[in-house]
Number of protein chains: 4
Amino acid sequence: MTNMKVLISKKTGNYYYYNGVGEYHCKEGFLTEEQLHSGENLVKNSKDREFLIFESNKHDQFQKIKRGPQIITEKDLGYIMARSGIDKTSSIVEAGGGSGGATTFFGRICDKVHTYEIREDHCKIIQSNIDKFGLDNVTLTHGDLAENIESMDKNSLDLLFLDMPEPNMVLEKNIDAVKSGRYVICYLPNVSQMIEVTKLIAEKQNLYVEEITEVQTRHWRVWERVSRPEFRSEQDFTAFLMFLRKL
Amino acid sequence: MTNMKVLISKKTGNYYYYNGVGEYHCKEGFLTEEQLHSGENLVKNSKDREFLIFESNKHDQFQKIKRGPQIITEKDLGYIMARSGIDKTSSIVEAGGGSGGATTFFGRICDKVHTYEIREDHCKIIQSNIDKFGLDNVTLTHGDLAENIESMDKNSLDLLFLDMPEPNMVLEKNIDAVKSGRYVICYLPNVSQMIEVTKLIAEKQNLYVEEITEVQTRHWRVWERVSRPEFRSEQDFTAFLMFLRKL
Amino acid sequence: MTNMKVLISKKTGNYYYYNGVGEYHCKEGFLTEEQLHSGENLVKNSKDREFLIFESNKHDQFQKIKRGPQIITEKDLGYIMARSGIDKTSSIVEAGGGSGGATTFFGRICDKVHTYEIREDHCKIIQSNIDKFGLDNVTLTHGDLAENIESMDKNSLDLLFLDMPEPNMVLEKNIDAVKSGRYVICYLPNVSQMIEVTKLIAEKQNLYVEEITEVQTRHWRVWERVSRPEFRSEQDFTAFLMFLRKL
Amino acid sequence: MTNMKVLISKKTGNYYYYNGVGEYHCKEGFLTEEQLHSGENLVKNSKDREFLIFESNKHDQFQKIKRGPQIITEKDLGYIMARSGIDKTSSIVEAGGGSGGATTFFGRICDKVHTYEIREDHCKIIQSNIDKFGLDNVTLTHGDLAENIESMDKNSLDLLFLDMPEPNMVLEKNIDAVKSGRYVICYLPNVSQMIEVTKLIAEKQNLYVEEITEVQTRHWRVWERVSRPEFRSEQDFTAFLMFLRKL
């Protein structure tokens, strides 16, 4: 994956991802292996169209990770990280590993990450993505977090991240593994799910609903005489983030 | 700063920050030192109001860092980090250190951070905040990045972050210090500033305007019969983020 | 009300509303009656501050209507009108008259408006506002719409507008007064209220949830070197609009 | 157009517009003329799919007007109308008639509307749409507003609406036709265009930039266990609205 290059057609603005081996063919024509490895940043392809050639970065690699279930977006992951105050020193547990988008993101930033995923097919995708990013600080468990949370060390976690339809299955357990003052974050697409969580929290004494946030990104176009938001967005909504603070 | 506790009044929802020493007085009454250090999470103050007591986390500490110029918000820092793909392995240079909000954030996440700030008074605030977070991987230079950028090692930076009114002062220089495929990010409040940057980029061959994004957060209130966005937001706009990709 | 003038301080940008009689005093100083009626658009007040003088329009008059309960905003009223396709030929019934904001708005646009309001104190405010706008096509009934809806003429209404916490009290009745293809619009601040309406509709055969919309306005500042959204908005959220279409 | 019916497939949620004559065929099957005129609201088509049948309203007719250039959206027209305070008593001039979307909207609401359009092909579309809505209070002039504005009666207009790329062509003229306290509204997609207008206004003494607004709509989905914003929006941005107030 680290040899991947990003190709952008100047005419269409389309992105293409080149895996580093051989020629590259797409509907706009082809580039030779020699061109792709020439070190030139701007080349013309077989149909005389100009292509920009970039080395890939970890954003590109995140976009291209192997997917089963939908991955969490960078806008949400960035806010989770910044708002919860986690960093290189943090230990995280997450459940609902999905495709491993959040797993590899946290793995690249934090000290230790432990992921729980109940579906075996998803576990294979997650492990494959952990390997692609070469992360040796991530543990993957094929199993149900709700059955494991109470046996974790008390005050050991800086963040518990729950990407699952019914987080109450975990929240109704003893969650003393989370340090005082740190967060349990629920990632939930529906308001009705948040209402369910709030009802449970109201009866528990050790969690406080500190913030519920939706993160939105808006893309702009500025060039020549154009200076406005894009007319169409890729996506308008992903999910709500509930920040539950541990007492 | 690490002994700081966060106090939340259940009646008003107000936040108070206790520095860990002595009693705590506020307009809602006072709490005794014994109460504050009892390990109890819910105590009644002198006026019989209930207060929640939390250990502080790095989000709280970020909110309370010493300030001169306004600090960048967590919503923007989170997106910058996630979208640019930086992590524990990254080397960053930033200019317009301001109060050191971005400086300490990047310092807590990345391998190496070098900050340039032209005002001596701001440098003092930044250094004080670096010290508070105990960061030994951050270098602070009192000086102008535009005069230093060309002498940096080629292909050494994973991110160049510019929080300054006229980033063209830097962009018109040779910026080969930034690795191919990585980003220069400009943080700009005005569309007219983005137009200026775009004009310069159009004449240069080594930068590509990959994305211009505004990050918005919307806070919700969900409890009992309420389930809606907050009627009023703290802040509606901070700045636009320009992601310029190095060829 | 029609003699009202609008005064804007050039220094502060503050708005003042002058009722047309005598001098005008505010914390920024005073203007003489002679100045106010001179026909000049730009005058200096007693403290040498420049004031712009405008004739009032109906937007100003809407802002200044007598208020008990909060009035519906222009952003919501505008969308209700445009999206539901009502115009000079339309007959409307609304309930939850409140302060008469929607009442006078619809009265100024449509052919006939009939308002129901259960609280007598609100009825007085509404009548006073109807009178101020001089509307003779508006009928106000002190009473409960739920008890009156079934006795209205079949196929007589172009819009039924419900601004009440529990619109199901009306929706569970026979609402054949609404013409086929036209709308019942519910104005609801909470998602939980929309869930309640949706549950009722699912069991009825004569309404279809065609659209649920939130209308947002964002204000900008453009002058000299500034070109950005306002840093702070007055209000971030009012309510959701549910467009239920009559079969 | 008034015989048009709206058909909604319960399976797909797709909308179809039936012109009132004969059978109706679409890719989901067909409905017989007898079914379409039976007065039933819910019928099964040739492929056993259920269709809802609605009488059309003026929103539907607005969606289906004949189009050349893009029409202004209902969200923008609604806000223009509500915020500017125009109603049944108002006289309006608009320029850049386009397809006649704004023309017919204002015509249905206001007392008198006069539209200027420089392109003859657009004039034909506008006239066709005026005729479809049966509006006799709308005047269409094939010509340039900038050449006509100064000969209009002083203080005769409640609103001057400019939907053109360079509104300064009109604004640099004497616009005393607009009543004191009323608005000139510019509809502009680019911030750079607003900057141009602002520069001109700064040199003129009879206009004040009272408000610049962008109107956004966000659609929701609420049914069964779903209660969230739509994942994708049809359109994210149309244009900015500049409210210039006449002194």
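Every value quoted in this text rests on a predicted model; they were computed, and no experiment measured them. Letters A, B, ... mirror the listed sequences (proteins, then strands); counts begin at 1.
Distance check, rounded to the nearest 0.5 Å: OG1 of T73(B) to OH of Y79(A) gives 8.5 Å. Between the NE2 atom of H59(B) and the CD1 atom of I86(A) there is a distance of 13.5 Å, given to the nearest 0.5 Å.
Using a 4.5 Å cut-off between heavy atoms, D60(A) touches chain B through its side chain atoms alone. For a residue to count as touching a neighbouring chain, one of its non-hydrogen atoms must lie under 4.5 Å from one of that chain's; by this rule I80(B) does not touch chain A. Looking at L241(A), neither its backbone nor its side chain comes within 4.5 Å of chain B, counting heavy atoms on both sides.
When each of L42(B), I8(B), L77(B), V209(B) is checked for heavy-atom pairs under 4.5 Å with chain A, I8(B) comes out on top. Heavy-atom pairs under 4.5 Å with chain A were tallied for S192(B), G13(B), C110(B), A202(B); the largest tally goes to C110(B). When the candidates K75(A), Q216(A), M194(A) are compared by the number of heavy-atom contacts under 4.5 Å with chain B, Q216(A) comes out ahead. In terms of heavy-atom pairs under 4.5 Å with chain A, the best-connected choice from E224(B), M81(B), Q63(B) is M81(B). For the options T217(B), V226(B), I201(B), heavy-atom pairs under 4.5 Å to chain A are most numerous at T217(B). Ranked by heavy-atom pairs under 4.5 Å with chain A, the list E210(B), R83(B), K199(B), M242(B) is led by R83(B).
Among residues 178-188 of chain A, the residues having any heavy atom closer than 4.5 Å to a heavy atom of chain B are, in sequence order, S180(A), G181(A), R182(A), Y183(A).
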Item to complete: Show the numbers, then the answer: is there a side chain to side chain contact (heavy atoms under 4.5 Å, CB included) between I195(A) and V222(B)?
Response: CA-CA 6 Å; I195(A) 292 172; V222(B) 180; 3.8 Å; yes
Item to complete: With side chain to side chain contact (heavy atoms under 4.5 Å, CB included) as the test, would you mind laying out the steps for R245(B) and V6(A) before giving the verdict?
Response: CA-CA 11 Å; R245(B) 189 158 183 176; V6(A) 178; 3.8 Å; yes
Item to complete: Check the pair E230(B) / I212(A) against side chain to side chain contact (heavy atoms under 4.5 Å, CB included), numbers first and verdict last.
Response: CA-CA 10 Å; E230(B) 295 279 356; I212(A) 299 171; over 6 Å; no
Worksheet item: Run the side chain to side chain contact (heavy atoms under 4.5 Å, CB included) check on V215(A) and V215(B) step by step: do they pass?
Response: CA-CA 7 Å; V215(A) 182; V215(B) 182; 4.0 Å; yes
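Taking both residues in full, the closest heavy atoms of K88(A) and N137(B) are given as NZ-ND2, 3.2 Å, listed atom of the first, atom of the second, then distance. Across all their heavy atoms, T198(B) and W223(A) have their closest contact at CG2-CA, 3.7 Å. Here the closest non-hydrogen pair linking H219(A) and T213(B) is ND1-OG1, 2.8 Å. The heavy-atom pair separating Y208(A) from L52(B) by the smallest distance is CD1-CD1, 3.2 Å. In terms of heavy-atom proximity, E214(A) sits nearest to W220(B) at OE1-NE1, 4.0 Å.
In this structure, R221(A) contributes its side chain and E211(B) its backbone to no donor-acceptor pair below 3.5 Å.
Defined by atom type and a distance below 3.5 Å, a donor-acceptor pair is present between the side-chain atoms of K58(A) and T89(B).
A 6.0 Å sphere centred on CD of E166(A) holds no more than 12 heavy atoms belonging to other residues, nucleotides or ligands. Counting heavy atoms of neighbouring residues, nucleotides and ligands inside a 6.0 Å radius, atom NZ of K204(B) exceeds 12 of them.
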